[in-house]
Amino acid sequence: SNPMTFTIYSKHGCKYCQQIKVLFELNDFKFVEYRLGREFTGADFYSLFGEEATFPQVLMDTKHLGGCTETIQYLQEQDICCNV
């Protein structure tokens, strides 16, 4: 299985957050999920990712990949995965 660890900053009820988690589970990617209101605040989120950031935001190890679409695009370009 894959040595990389992904971090997902998510919020409850976010379909794109759910989509990326399912994708990672299907590909046996290790991930840690941080949830808005539990592990971080809105202020934390915007200071980390900028005022325009949307949910989810994904990191691969320490590299910031961006949202759901950007993450999938990066994984496909790097041949890491995935058929979605």
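FYI, the numbering just counts along the sequence from 1. None of the values given here were measured: they were computed from a predicted structure.
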According to side chain to side chain contact (heavy atoms under 4.5 Å, CB included), who are the partners of Asp79, at least two apart in sequence or on a separate chain?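 With sequence neighbours excluded, Asp79 shows a side chain to side chain contact (heavy atoms under 4.5 Å, CB included) to no residue whatsoever.
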Listed by chain and number, what are the side chain to side chain contact (heavy atoms under 4.5 Å, CB included) partners of Ser47, not counting sequence neighbours?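 With neighbours one apart ignored, the set is empty.
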Side-chain heavy atoms of Glu25 within contact of Phe31, under 4.5 Å: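 Of all side-chain heavy-atom pairs linking Phe31 with Glu25, at least one is under 4.5 Å.
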Intermediate values then yes/no, ring pair (Phe, Tyr, Trp, His ring centres under 6.0 Å), Phe29 and Phe24: CA-CA 5 Å; Phe29 292 161; Phe24 285 180; 5.5 Å; yes
Kindly work out whether a path of hydrophobic side-chain contacts (I/L/V/M/F/W/Y, heavy atoms less than 4.5 Å apart) joins Leu23 to Met60.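 Cluster IDs for Leu23 and Met60 match.
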Show your working on side-chain contact (heavy atoms from CB on, under 4.5 Å) between Lys30 and Thr5 and close with a plain yes or no. CA-CA 5 Å; Lys30 281 201 197 77; Thr5 299; 4.3 Å; yes
All salt bridge (Lys or Arg N to Asp or Glu O under 4.0 Å) counterparts of Arg35, not counting sequence neighbours: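 Salt bridge (Lys or Arg N to Asp or Glu O under 4.0 Å) check on Arg35 returns Glu39.
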Test salt bridge (Lys or Arg N to Asp or Glu O under 4.0 Å) applied to Lys21 - qualifying residues, sequence neighbours left out: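 Partners of Lys21 by the salt bridge (Lys or Arg N to Asp or Glu O under 4.0 Å) criterion, ordered by chain and then number, come out as Glu33.
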Using the side chain to side chain donor-acceptor pair (under 3.5 Å) criterion, which residues pair with Glu77? Sequence neighbours excluded.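 Glu77: side chain to side chain donor-acceptor pair (under 3.5 Å) contacts with Gln73.
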Sequence-distant partners of Thr7, side chain to side chain donor-acceptor pair (under 3.5 Å), two or more places apart: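 Checked Thr7 against side chain to side chain donor-acceptor pair (under 3.5 Å); zero matches.
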Atom pairs and distances, side-chain donor-acceptor, residues 48-59, under 3.5 Å, sequence neighbours left out:
| from | atom 1 | to | atom 2 | distance (Å) |
| --- | --- | --- | --- | --- |
| Gln57 | OE1 | His64 | NE2 | 2.6 |
| Gln57 | NE2 | Thr54 | O | 2.8 |

Sub-6.0 Å ring centroid separation between Phe40 and Tyr34: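 No, the ring centres sit 6.0 Å or more apart.
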Scan residues 54-69 for pairs that pass salt bridge (Lys or Arg N to Asp or Glu O under 4.0 Å), counting only residues two or more places apart or in two chains.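 The answer is none; no pair qualifies.
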